[in-house]
Structures are given as structure tokens and as C-alpha cells.
Engineer: 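Attaching a single structure in C-alpha cells format; questions to follow.
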Amino acid sequence: MKKLILSSTALALLAGAAHAEGKLSVYHWFEYIPQELVDKFTAETGIEVTIDTYDSNEAMLASLKAGKMGQYDVAVPGDYMVEIMAGEGLLDSFAPADLPNFGNIAPQWLDVPFDPGRKSSIPYQWGSTAFSVNRDVYQGDINTLAMIFDPPEELRGKINVLDSQGEVLALASIYMGIPQCNTDREQLKALNDMLINAKQHWASFGSDTAKDVLVSGDAAAGMIYNGFSAKARAEGANVEYAYPKEGFVVWMDNVVLLKDAPNRDNALKFMNFLLDPENAAAVTNYAAYTAGVTGVEPFLDDAIKNSPENNPPADAPAGSFIAVCDEETQKLYDAIWTNLKK
Amino acid sequence: MAGPVAGKGSAAGADYRGIVGPLLLPTWVVIGIFLVIPVGLMATYSFLTKEFRGGVIWDFTLAAYDQFFLNRGLFGDEPPSIEWTYLGIFWRSIWQAGVATLICLIVGFPTAWFIATRPERTRPIWLFLITIPYWVNLLIRTVSLKFLIRENGPLNEALMGIGLIDTPLPLVNTNLAVQLGLFYSYLPFMVLPIYAAVERYNFALTEAAHDLYASRWVTLREIVIPAVKPGIVAGCILVFVPSLGAFLAPDLLGGAKTFMIGSLIDEQFKGSQGNWPFGAAAAMILMTLVMLVLILYARAAARSEAR
């Protein structure tokens, strides 16, 4: 829906790189890379960058599978989606030597379960998904997922929920204390009933609007990514991001090299560029999440470094990644989601 | 412009004898490329097997239609009963589109009448005023409408300012907001055809009816509406059909809380479920439904004409 095509030619000319060194086609999330950084890349390399955006991992996968493979060089899927895309054969691989900055990847993000050994992906940013509450509306303790799934009187009818099956069902499972990719019929029925019951208190589903509804006051509480909530706060909303005691979702977005990339070399240059601490920090300063690269600290804004959204309280539990289910199990979750939105 | 062509009458047939086929070729090419091939693809896909996470496998099956009409429980192993989920979504969409069409008609008919009864030289200005807002992208207009009707938006503040209401009306994320959005999106499609019909209407007929002691209501019902009916019908179809498949207004103004036909189909292709055959089947069923209504209407119109 939101297609932001950055007019690359003009930018390249402005940046003084009149002799274009080729092109790069990026498929990226909305509002996730600062324009100045794209301009900097163009200025350094002379490569014209075109960016198309998407608003969910699933939308990106669908559009690639529907015939856009071969059109983009890199995309930025979340953790579980990297695994799915690799399984679908949509990813190309590279050798660590192709990226001089490969060594900058933070050790804990080097050998990740969704891409063992980092053969096709590099870390972009990581963060968490939980929810935020407007403190003018509700003053009580907010560190429980009940704020969304069994909300107090003040928040009822004023809650926005991400329009994203993976995140909603994962958080709901965490709230109920049942595992993801579950096949236990009784537990799934209970999950289904709990969601149907919770929905009557929700005002809307929306992912790319998750920040705006909090800022405008249309929603008094909303499921949201931590950095997106920090942005809402920066835009004047009196919202507090919760680290619920039951747990929350952690995710990592990754830049992947797509199979049949028309500009493979330029894609590798771009990935290497993003692994430079100063550039990774620029993304963090813009998107307010956390980089997966070492050495970014000197380049970070204080407001980002010390933001409550990026620094969970000491007693916060560990977050969980969204699990990738097999086809039969996924069918059950699809049915619950359709049932929820019908 | 139609004059000279029509004037040739039967001679036209003789002039083009033998080359009618080639002359029609462009039409057939356009219909083939933009109608037959896409609809054929859609029909084919609706009978294919869903591939996990989007895409299709070339095995023919009725699974998509089965899923649409039969409910086999959350786990797919209960005895089948009628599936009300999707029929419910269709019914709700038809209802929303119907209400939007009705509001368009109620507002559009007097508007068209007003414009058509202005002096000839000012009519273009009025028509121009009707179309100006539609130079702006639909997405932007829909979002603007959301800004207008939100709880602390200008509409609620104005109503509270003049003391009509004490607490803001919850308009955003309701069915009413969706209907309002559809009405606003498609109003010109109602006004313009009715305007065209009213403009051709012979106002002497109204005077004649009054001379024969017909009341205003009877004149409207018996003389005016039958005369401009083609315009009204065209307007209703032009508003109803796109409203039925709309997904911008339900998503933005209705809060995406319930599926409409458009968003249900959209979700099958770009959402997590990636069920292309089901999306194609839902689209086929929708198209069949719309075609049926139009055919039934055309038949009824032909019958009343014959009478």
C-alpha cells in the first residue's frame, strides 16, 4: 500500500556522483532507513538506490513469490522469515570474505538459529514487540499482557493491535503460557476463545499506523515495536512501553542477499556499508532499535542509548523469537487468525 | 457527433462488408488481454492446490470452494456444516455497499437535479466543483476523512462547541465510518450519470403533470423518476460495484477489525496465509454474484421495456 520510491537519479546527481556506478534495488520496511544514509551510500559509491517498502514480513514474502524475484537485490526480513525464505530457496549466499566488515557483527548475532553461520544475511536491527500504554489514560501497573488481552476498564475500546498474525498469536500464546507451534487441541481452542473475547475491547488492527494512533490519541494502548514506541514518545505521546512479566517477542531484522539479484556486487557493497558501526548507528538513531554490530556506541545519540524502550528493567523476563511451524500446525494458526478477523 | 454516423443508416453495413472481422480485431484484442485472460487465470487458480506460504501446485481440486462453503471445524475433521464465516463477510460487504449506494443516491440525486437546472453557462462550474476533490488520491482523501471524524477531530469539536453533544461521538472504527468513506469516495459516480439523464429530461412533462393536477410527489414518482431511471441505475451500479470490493475504507476507517470481501481477498495474496486458490475462488464467487445481479436487472429492464 505504502510505496515510497525514492527518486534515485536525482539523488545521485545531487550527491555529485554524476558517473553512476550502477543501481541497487532494495525491498525494505516502511520508515526504517534514514534518507541521509542512503544519500551517503550513493555519494560514496555512485550507486543509485531505489527503495520499495512493505509493512509485514508476509507481504514481502508474498510479493517476492508472486513474481518480484529478480527485481530486488536485498530485502530486510525478520528472523523467522529468513528461515522461511531460505527454505523457499529465495536467498543467495555469500562468503564472509565478500564483506570486509563481516567481523563487526556482534558475536551473539553471528551464529543464529535462523541462519547458522550467517551465510545469506547480516544483522540490521533488533528489538522487541510488546505494547505501550498512554499514561494519561491509565496509571496502574502495565507490565502484564493482560493490558491487551484482558484490559482494564480505562483502556477498553481504545486498543490498537498489530495487523500481523505472527506477533499477535505469539503474544497471545505467551500470555496464556502455552508454547508456540502448539498442536494441543484444548489449548488451541482456549487460545481461540481468549482472542475472540479480547477482540471486543480492541478498536483497530494496524501495523504501519501503530505509532500514529498512539500519537493522535485514537488509541490509549497499542501493541507496538519498542523503537516505534520510542518514536511515538518523541512525537509527544505520553506513552510507556511495557516489558510484560509473562514475556514478549524479540526479533531481529536482517539484510538478506536475494537469489537472482540483478546487482549482486552492489548488494554486497550495501551490506558491507551497513556493517560499518557509524552507519549502523545512523539506522539506530533513526529507528530507535538496537544494532547488531559492535562499536556503535560512540556514534549513538544519548536519547537512544538511554531510552527506556531499549533498556528493559532488571526484572524483565527474556523475550522469545517467533517460531516457524510446519505446514499442518500453521494451518491451525491460520484458522484461528481468520476466525479472529472474520 | 453521433449524428452523421447514425445518418448513414443501413448503408454502413454494406460499406464495411467483408472487413468487419479485421475492424473488430482491436476490440477483441483488448477484451482478450484485459478480460478473458485475467478471468481465465483466476478461474484456473481457484481450482488449484494451495502451496504452503503462497503460490500454487498444479493439482486440480475443489478445496478452495469447499473451504468457502463448508465448515469442518477449527481442526478440519468435524462433519461438514454450512460455513457462515465467508457468507457473513459477503453479506456484510453487500450491506455496507448498499448503504453507501443509498446515501449516494439520497445526496446525489438532488445535487444532480440542482446542477442540471442551473443556467447552461454555470453548469460546468458546478460539475467542476463536484470533481475537484477527486483530483486528490483516494488514499489521502480517506485518511483526511479519518482526521475529520476522529474523537478529538474538528467535527466532534465543532459539535461539542455548539453544545449539541457533551462527549465526542465515537465515529472512527465503526461501520458508519466505512459507509461514510465509501459514500465520499464514490459520490461523483452517482452525480454524473444522473446529471446526464436529468439534463436530457423534458421539463415540459413536469408542467403537463401539474396541469393535470398531479401532486409534486406523484410527479416525481410517475414522471421524473421513470424518465431519469437509466441515469439512476447507472449511478447505483457505478457506486455499488466498486464499494463491494473496496478495502481502503474498511481498513482505514473501519479499523481492519472485520474482513470485507476486498480485504479478505487481499489477505489471501499478501497476508501470512498466502492462500491463492482461496483468494481466486472468493473473487470468482464475488464476480458471479455481481454478474447475476446485473443479468437479472437487464432482464427485468427488458421485460418492463417490452410492456
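Letters A, B, ... mirror the listed sequences (proteins, then strands); counts begin at 1.
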Engineer: Select, from A:L61, A:D163, A:I84, A:N339, the one with the greatest count of heavy-atom pairs under 4.5 Å involving chain B.
Structural biologist: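 Heavy-atom pair counts peak at A:I84.
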Engineer: Please report the closest heavy-atom contact between A:T338 and B:Y86, naming both atoms and the distance.
Structural biologist: CG2-OH, 3.6 Å
Engineer: Can you pull out every ring pair (Phe, Tyr, Trp, His ring centres under 6.0 Å) where at least one residue sits in residues 165-195 of chain A? Sequence neighbours excluded, please.
Structural biologist: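 Ring pair (Phe, Tyr, Trp, His ring centres under 6.0 Å) check on residues 165-195 of chain A returns A:F149-A:Y175.
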Engineer: Got more than 12 heavy atoms from elsewhere within 6.0 Å of CZ, A:F228?
Structural biologist: yes
Engineer: For the CZ atom on B:F147, are there more than 12 heavy atoms of other groups (residues, nucleotides or ligands in this structure) within a distance under 6.0 Å?
Structural biologist: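 At most 12 heavy atoms, drawn from other residues, nucleotides or ligands, come within 6.0 Å of this atom.
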Engineer: Which value, rounded to the nearest 0.5 Å, describes the distance between A:D212 atom CG and B:K146 atom NZ?
Structural biologist: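 These two atoms lie 8.0 Å from each other.
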Engineer: Do other residues, nucleotides or ligands put more than 12 heavy atoms under 6.0 Å from the CZ atom of B:F34?
Structural biologist: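 No, not enclosed.
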Engineer: What part of A:S216 is in contact with chain B, defined as an atom under 4.5 angstrom from a non-hydrogen atom: side chain, backbone, both or neither?
Structural biologist: both
Engineer: Using ring-ring contact (aromatic ring centres under 6.0 Å, His included) as the criterion, list what pairs up with B:Y184, not counting sequence neighbours.
Structural biologist: none
Engineer: Roughly how far, to the nearest 0.5 Å, is the OG atom of A:S204 from the CG atom of B:L252?
Structural biologist: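 Answer rounded to 0.5 Å: 10.5 Å.
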Engineer: Identify the two heavy atoms, one from B:F269 and one from A:A62, that lie closest to each other, and give their separation to 0.1 Å.
Structural biologist: O-CB, 2.9 Å
Engineer: When rounded to the nearest 0.5 angstrom, what is the spacing between NZ in A:K341 and OG1 in B:T85?
Structural biologist: 14.5 Å
Engineer: Between A:N192 and chain B, which part of the residue has a heavy atom less than 4.5 Å away: side chain, backbone, both or neither?
Structural biologist: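 A:N192 touches chain B through side-chain heavy atoms alone.
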Engineer: Just checking B:I82: does its CD1 atom have more than 12 heavy atoms from other residues, nucleotides or ligands closer to it than 6.0 angstrom?
Structural biologist: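 Counting neighbours around CD1 of B:I82, 12 or fewer heavy atoms of other residues, nucleotides or ligands fall under 6.0 Å, so no.
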Engineer: If you compare all heavy atoms of A:K65 against all heavy atoms of B:F52, which two are closest, and at what distance to 0.1 Å?
Structural biologist: NZ-O, 3.6 Å
Engineer: Are more than 12 heavy atoms from other residues, nucleotides or ligands located less than 6.0 Å from atom CG of B:D166?
Structural biologist: no
Engineer: Can you confirm whether A:K158 sits close enough to B:E151 that some side-chain heavy atom of one is under 4.5 Å from a side-chain heavy atom of the other?
Structural biologist: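 A side-chain contact under 4.5 Å exists here.
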